[in-house]
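Okay, so here's the structure we're looking at.
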Amino acid sequence: MPTELPYAAEAESSLGYEELQVLRTQYYKEIEQGHVTTQSKFNYGWGLVKSSTAELQTEGVKLLQEIYSASPAHRRECTYYIAVGYYKLKNYAYAKKFNDLLLSVEPENMQAQSLRTLIDQAVQRDGYIGMGLIAGAAAVTGLIVAGLVKRSRR
């Protein structure tokens, strides 16, 4: 579903298999050589976050959080893509937490502002779905109870 927010478009796009494979190859080549650069780790984490599967996105968030913890100089880039990863994983609380962290130091950041809008829309949409499920469950429960009451009166 393409977004109407151009600055957050990448939050809803995926990286192709071939592009991800290039990043994966570089990352594992450096592991074999005994030293992974922060840039290669970041690139691979970014690519994983932009992949289309939750398993790979989770792995990407993990790599980016490792960089975030170990390298204060790279926190700004990691913060946004960690937020994107959590958004894609539908973990909106953590997406909002990391996105708000970025906005607290860069309030004019258009990517983060657009991502905040996407997160807010997703939370609202999921809230409506949740209310619908609860209402449906309550209706089914009411029908079951009514049927049991009717049956017990016989």
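All residue numbers in this chain count up from 1 along the given sequence.
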Taking every non-hydrogen atom, the tightest pair across N99 and Y80: OD1-CD1, 4.4 Å
Distance-minimising heavy-atom pair for S71 and H74: OG-ND1, 2.6 Å
For R76, which residues count as a salt bridge (charged side-chain N to carboxylate O under 4.0 Å, His left out) partner, sequence neighbours excluded? E106
Residues in salt bridge (charged side-chain N to carboxylate O under 4.0 Å, His left out) contact with D120, at least two apart in sequence or another chain: none
As an exercise, state the distance from CD1 of I67 to CH2 of W46, rounded to the nearest 0.5 Å. 13.5 Å
On a heavy-atom basis, which atom in L101 and which in Y68 lie closest, and how many Å separate them? CD1-OH, 3.8 Å
How close do R75 and T79 get, counting heavy atoms only, and between which atoms? O-OG1, 2.5 Å
d(Q39 CD, K41 NZ) to nearest 0.5 Å is 13.0 Å
Just checking, any donor-acceptor pair under 3.5 angstrom between side chains of Q113 and R116? no
Of all pairs that satisfy salt bridge (charged side-chain N to carboxylate O under 4.0 Å, His left out), the ones with a partner from residues 87-96, not counting sequence neighbours: K96-D100
What about L103 and Y81, same hydrophobic cluster or not, with Ile/Leu/Val/Met/Phe/Trp/Tyr joined at side-chain heavy-atom distances under 4.5 Å? no
With a 3.5 Å cut-off and sequence neighbours excluded, list the donor-acceptor pairs that the side chains of residues 55-65 form with protein atoms.
from : atom 1 : to  : atom 2 : distance (Å)
Q57  : NE2    : S51 : O      : 2.7
T58  : OG1    : A54 : O      : 2.8
Q65  : NE2    : Y86 : OH     : 3.1

Should L20 and R24 count as side-chain neighbours, where that means a heavy-atom distance under 4.5 Å? yes
From Q21 atom CD to Y17 atom OH, the distance as rounded to the nearest 0.5 Å: 4.0 Å
Please list, one pair per line, the donor and acceptor atoms closer than 3.5 Å that link side chains of residues 30-37 to other protein atoms, with sequence neighbours excluded.
from : atom 1 : to  : atom 2 : distance (Å)
E30  : OE1    : T37 : N      : 2.7
E30  : OE1    : T37 : OG1    : 3.1
E30  : OE1    : S40 : OG     : 3.2
E30  : OE2    : Q26 : NE2    : 2.6
E30  : OE2    : S40 : OG     : 2.6
T37  : OG1    : S40 : N      : 3.1
T37  : OG1    : S40 : OG     : 3.1

Y28 vs Y44 aromatic rings, parallel, tilted or perpendicular, using cut-offs 30° and 60°? perpendicular
Quick check for you: to the nearest 0.5 Å, what is the distance between L23 atom CG and L15 atom CG? 6.5 Å
Could you check whether atom OH of Y94 has more than 12 heavy atoms from other residues, nucleotides or ligands sitting under 6.0 Å from it? no
Those residues that, when tested against N91, pass side-chain hydrogen bond (donor to acceptor under 3.5 Å, both in side chains) (two or more places apart): none
What's the spacing between Y87 OH and I119 CD1 if we round to 0.5 Å? 8.0 Å
Give, for atom CG of L118 and atom OH of Y92, the distance between the pair rounded to the nearest 0.5 Å. 9.5 Å
